[in-house]
Every structure is written in structure tokens, then in C-alpha cells.
Visitor: 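Take this structure first; my questions come after.
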Amino acid sequence: MTRKAEILARFSGEADGLPMYLPDLTLWYDWHRTRDTLPDGWQDYSLAQVARAMGAPVWWVARPWRVETPSSVEILRTEEDGKRIVRSQTSSGSLVASWTLMGTDGDWWQTEYPVKTKEDLVAALELVNARTYVLDTSKLARMEAMVGDNGVLAIEIPRRPYSDVLHELLGWSEGLLLLNEPAVEQIINILESKLQRLVQEVAELAGPVVLAPDNLDGQFIPPGAFKAHMADSYRVTTETLHQHDKYLVVHVGGPIRHLLAPLAEAGVDGIEGVCGPPQGDVTLAEAREIAGPALTLWGGIPQDFVHDTHDREEFETAVANAAQEAAGDGRIILGVADRVPVDADLGRLEAIPGLIEHGFRV
């Protein structure tokens, strides 16, 4: 059986109970590639080649679409002195978002969100209404060929509209106070319509797995909000994808114990990012009991332990525990939850496959 077939068997329920490790290297690889800091000998490697060099199956994500905005809405981007500013000028007003570069080789942290007051929602509504998703499949065939039977090329779709509004427009502090405004509901409904049209187009492409990069976090999205604003959206998406023999994987982060059952009820096929403390709030064994037998669970190894700031023994114990919890469960994929971090210790990453095999047999 090829590695691609092994991964897909974890979703179809046809896999045996032997452990399978699949690292999500997308964040780690993109960060190091853009900074020319990939390990020696790997500088010219694709993500697929790096995964193979680590002795692991390939998980690569393609985004075969782009966001377009008509000329009636002017988007001005500036970047200097560690500051990035995006100004969206609509006929209803201007929206400004900003980011700060943290550290010399750091990441961009958003410090200002476009919608700050109720009055900004008018311009946000115009902006969202003007945007469109345009399918662009020009790179898919090449990426698929590079992955081959060594893994899976997943197709990414946009975030759920409720999650997108929080991540892109309102933010996670004062913006939460605007969630009950009628204009926010209008924005979500517009985004939902555009999303589902794109999902229909994606469903007709080749490839068996679709990724929803929603980064769900139970601290900010309680079960009630999920049921009111997200459950139906997932249900419609999964129904469309299932008609074309595709699986939907949802990316989560942080505590998601109370979202497991609702996600399963909404028809989601798999969840990426499941793990216990210190990063999450539910182990693989606990997640299986809560979510039921049909949901594919991916994770088990908290990303905290792949940093060299944590004791090596803690790391090895965490991997062994995850392997033992996965024993006999054909719908578990072992991995670093929620993704391999950019500052992961390479030696620990390379040691995980052997530690899983040892932990499984103990």
C-alpha cells in the first residue's frame, strides 16, 4: 500500500491499527524557505522532498484560488521600518489594518484590525461584497506530480465566514463586542454564499482531501456560537464534497474539547490539531470517546515538546503516550499538533518516527 493510500485509509475506516505519522510541515517549511534557513543539504528542496528526507509521508497544501477586488475599491499596501499597513478605500469610508514585525527574523503580528467601530461596518460590508474568489489551478498538476504516491496534496478553501470575520475584520478583543450587529450577520451571509460557490468548484477538481484552515479555538468559539454560526456552513460544505468523494479536514488550535462532538455532527471527516496539555485540552483517547468512532483525529503530540526548551524525556514520553493511545485505532493520524512550529528542534523531528514505533510496541 502506498503512503497516499495509507493516509486515505485513515478517513475511509479501512486502515489497520498500526501507527502512522504524518507531520504538517507547511508552516515550518514556508517560514524557513522564505528566509533561506532550511537545513544544510535541503536548501533547494520542495516541501515534498523535505518530508521524504525526514522519512515521513507528504502533506502539502495547495490554494488554487485568489481573492480579487474591483478597481472601485482601492487597496493600498505599504511596508517599511517593520510596519505593514493595508488601507482599503471604499465609497463608504476607509479601513486600515496594520502589522508589526516581531524580531529580526520574526513574524508579522497584527496590531490593528480594519473594523474598530460600528460605523466601520458599512465600509466593511462594501468591501466584502466587492471581493470575489477566482479559481486558479495552474500549479496543481505540478504539485500533485511532486507528491505522487508518497502522500496527499490537500486543497485549501477559505476559512468559515464566522471565523474569517474574527480573524480578518474584527479581531479578538473589542471587535467581539460588534458580533451582534446586523451588518456583521450580513457580512457573514455574503461570505458564506461566496464560499459555497467556491467549494462547488473545488469539489470538481482532482484530489481527495480538502482543508478548512479555520484554526478553531474553543476559548473564542463556544459550542453555542458554533451551532448558531458555523455548523450549517460545515454541513453544506461536507455534503458538497462528499458528493465528489472528497474528505474535509478542519484545522483547530488550542482547546477544542467542546467542539469535537459538534464538528462530528456537522459531517466533518477529520480534525487536525488534537492534543492534550500543555497546548490543548483533550488527548487522542479522550477525543475518540467524545467524538465517536467515525471522526479521523490527527495530532497527539503537543508542539511544545518539539522545542529544545522542553526536557528531552518529556518529549519522548509525549510521543510514546500518543503512540499508545493510537494503538488499534485505524482513524488516528499521529502528528505534531497543530502544525510543526518554525523553531522546532530538527533532531527531535527526525526522532519521532522511531519513538512512535517504540512507543507503540511497549
Side-chain angles (χ1 to χ4, degrees), residues 26-37 61 63-134 136 156-179 181 183-188 190-192 194-195 198 212-217 219-221 251 253-254 338-339 341-343:
T26 52
L27 177 66
W28 180 90
Y29 176 80
D30 289 342
W31 195 91
H32 286 285
R33 180 182 57 81
T34 57
R35 292 164 174 79
D36 294 323
T37 55
V61 180
R63 182 187 289 185
W65 50 271
R66 63 181 182 273
V67 177
E68 289 191 353
T69 305
S71 57
S72 58
V73 176
E74 183 181 9
I75 308 294
L76 178 63
R77 295 176 175 85
T78 60
E79 187 175 309
E80 60 181 344
D81 298 328
K83 299 287 185 181
R84 176 188 292 165
I85 297 175
V86 177
R87 185 182 303 274
S88 303
Q89 186 64 49
T90 75
S91 63
S92 306
S94 180
L95 300 172
V96 179
S98 62
W99 290 259
T100 299
L101 187 63
M102 305 298 288
T104 305
D105 294 319
D107 292 321
W108 290 99
W109 286 76
Q110 190 160 2
T111 54
E112 181 182 6
Y113 286 86
V115 174
K116 303 167 185 65
T117 67
K118 178 180 177 180
E119 288 68 31
D120 289 333
L121 289 171
V122 179
L125 185 59
E126 181 180 342
L127 176 64
V128 168
N129 209 21
R131 286 177 174 172
T132 56
Y133 296 123
V134 178
D136 180 2
E156 181 180 296
I157 56 176
R159 292 189 187 101
R160 289 302 103 183
Y162 185 76
S163 180
D164 200 26
V165 163
L166 289 171
H167 277 90
E168 300 295 333
L169 293 177
L170 302 184
W172 302 93
S173 54
E174 291 84 357
L176 294 172
L177 301 176
L178 299 173
L179 276 175
E181 292 292 333
V184 172
E185 183 177 359
Q186 287 181 271
I187 290 171
I188 291 173
I190 291 170
L191 288 172
E192 180 68 22
K194 295 175 185 287
L195 169 65
L198 179 64
D214 300 325
N215 199 31
L216 296 186
D217 189 328
Q219 296 179 96
F220 299 101
I221 302 177
H251 179 86
D338 49 51
R339 292 181 293 185
V342 298
D343 52 352

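The shown structure was predicted, so the numbers you read here are calculated from the model rather than taken from an experiment.
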Visitor: Show the nearest heavy-atom pair for residues Asp120 and Pro114, with the distance to one decimal.
Guide: OD2-O, 3.7 Å
Visitor: Less than 4.5 Å apart, any side-chain heavy atom of His167 and any of Asp214?
Guide: no
Visitor: Do Leu198 and Pro158 come within less than 4.5 Å of each other through their side chains, counting heavy atoms only?
Guide: yes
Visitor: Which heavy atom of Ala212 sits nearest a heavy atom of Ile157, and at what distance?
Guide: CA-CG1, 4.1 Å
Visitor: Going by heavy atoms in the side chains, are Val184 and Ile188 under 4.5 Å from each other?
Guide: yes
Visitor: What I'd like to find out is whether the side chain of Ser98 reaches to under 4.5 Å of the side chain of Lys83, using heavy atoms alone.
Guide: no
Visitor: Might you work through the side chain to side chain contact (heavy atoms under 4.5 Å, CB included) test for Leu166 and Trp172, ending with a clear yes or no?
Guide: CA-CA 6 Å; Leu166 289 171; Trp172 302 93; 3.6 Å; yes
Visitor: After noting the C-alpha distance and the side-chain angles of Val165 and Val115, does the key distance pass the side chain to side chain contact (heavy atoms under 4.5 Å, CB included) rule?
Guide: CA-CA 10 Å; Val165 163; Val115 174; over 6 Å; no
Visitor: Applying ring-ring contact (aromatic ring centres under 6.0 Å, His included) as the test, list every pair that has at least one member in residues 63-89; sequence neighbours left out.
Guide: Trp65-Tyr133
Visitor: Asn215 versus Ser163: any side-chain heavy-atom pair under 4.5 Å?
Guide: no
Visitor: First locate atom CD of Glu185, then atom CG of Leu179, and finally report the distance between them rounded to the nearest 0.5 Å.
Guide: 11.5 Å
Visitor: From Ile85 CD1 over to Trp99 CH2, what is the distance, rounded to the nearest 0.5 angstrom?
Guide: 10.0 Å
Visitor: Starting at CG of Leu95, measure out to NZ of Lys116 and round the result to the nearest 0.5 Å.
Guide: 7.0 Å
Visitor: Report yes or no: does Asp217 contribute a side-chain atom to a donor-acceptor pair with the main-chain N or O of Gln219 at less than 3.5 Å?
Guide: yes
Visitor: Just verifying a value: how many Å separate Leu125 CG and Gln186 CD, rounded to the nearest 0.5 Å?
Guide: 5.0 Å
Visitor: Please give me the minimum heavy-atom distance between Leu169 and Tyr113, naming the atom from each residue.
Guide: O-CB, 3.4 Å
Visitor: Which pair of non-hydrogen atoms, one from Gly253 and one from Asp338, has the smallest distance, and what is that distance?
Guide: CA-OD2, 3.7 Å
Visitor: If you take all heavy atoms of Arg87 and Ser94, which pair is closest and at what distance?
Guide: CG-OG, 3.3 Å
Visitor: Is the closest side-chain heavy-atom distance between Leu76 and Gln89 below 4.5 Å?
Guide: no
Visitor: Within the 4.5 Å heavy-atom criterion, are Asp343 and Trp31 side-chain neighbours or not?
Guide: no
Visitor: Just by modelled atom types, is the Glu126 backbone N or O under 3.5 Å from a matching donor or acceptor in the Thr90 side chain?
Guide: no
Visitor: Look up atom NZ in Lys194 and atom CG in Asp164, then write down how far apart they are to the nearest 0.5 Å.
Guide: 12.0 Å
Visitor: First locate atom CD of Glu112, then atom CZ of Arg84, and finally report the distance between them rounded to the nearest 0.5 Å.
Guide: 14.0 Å
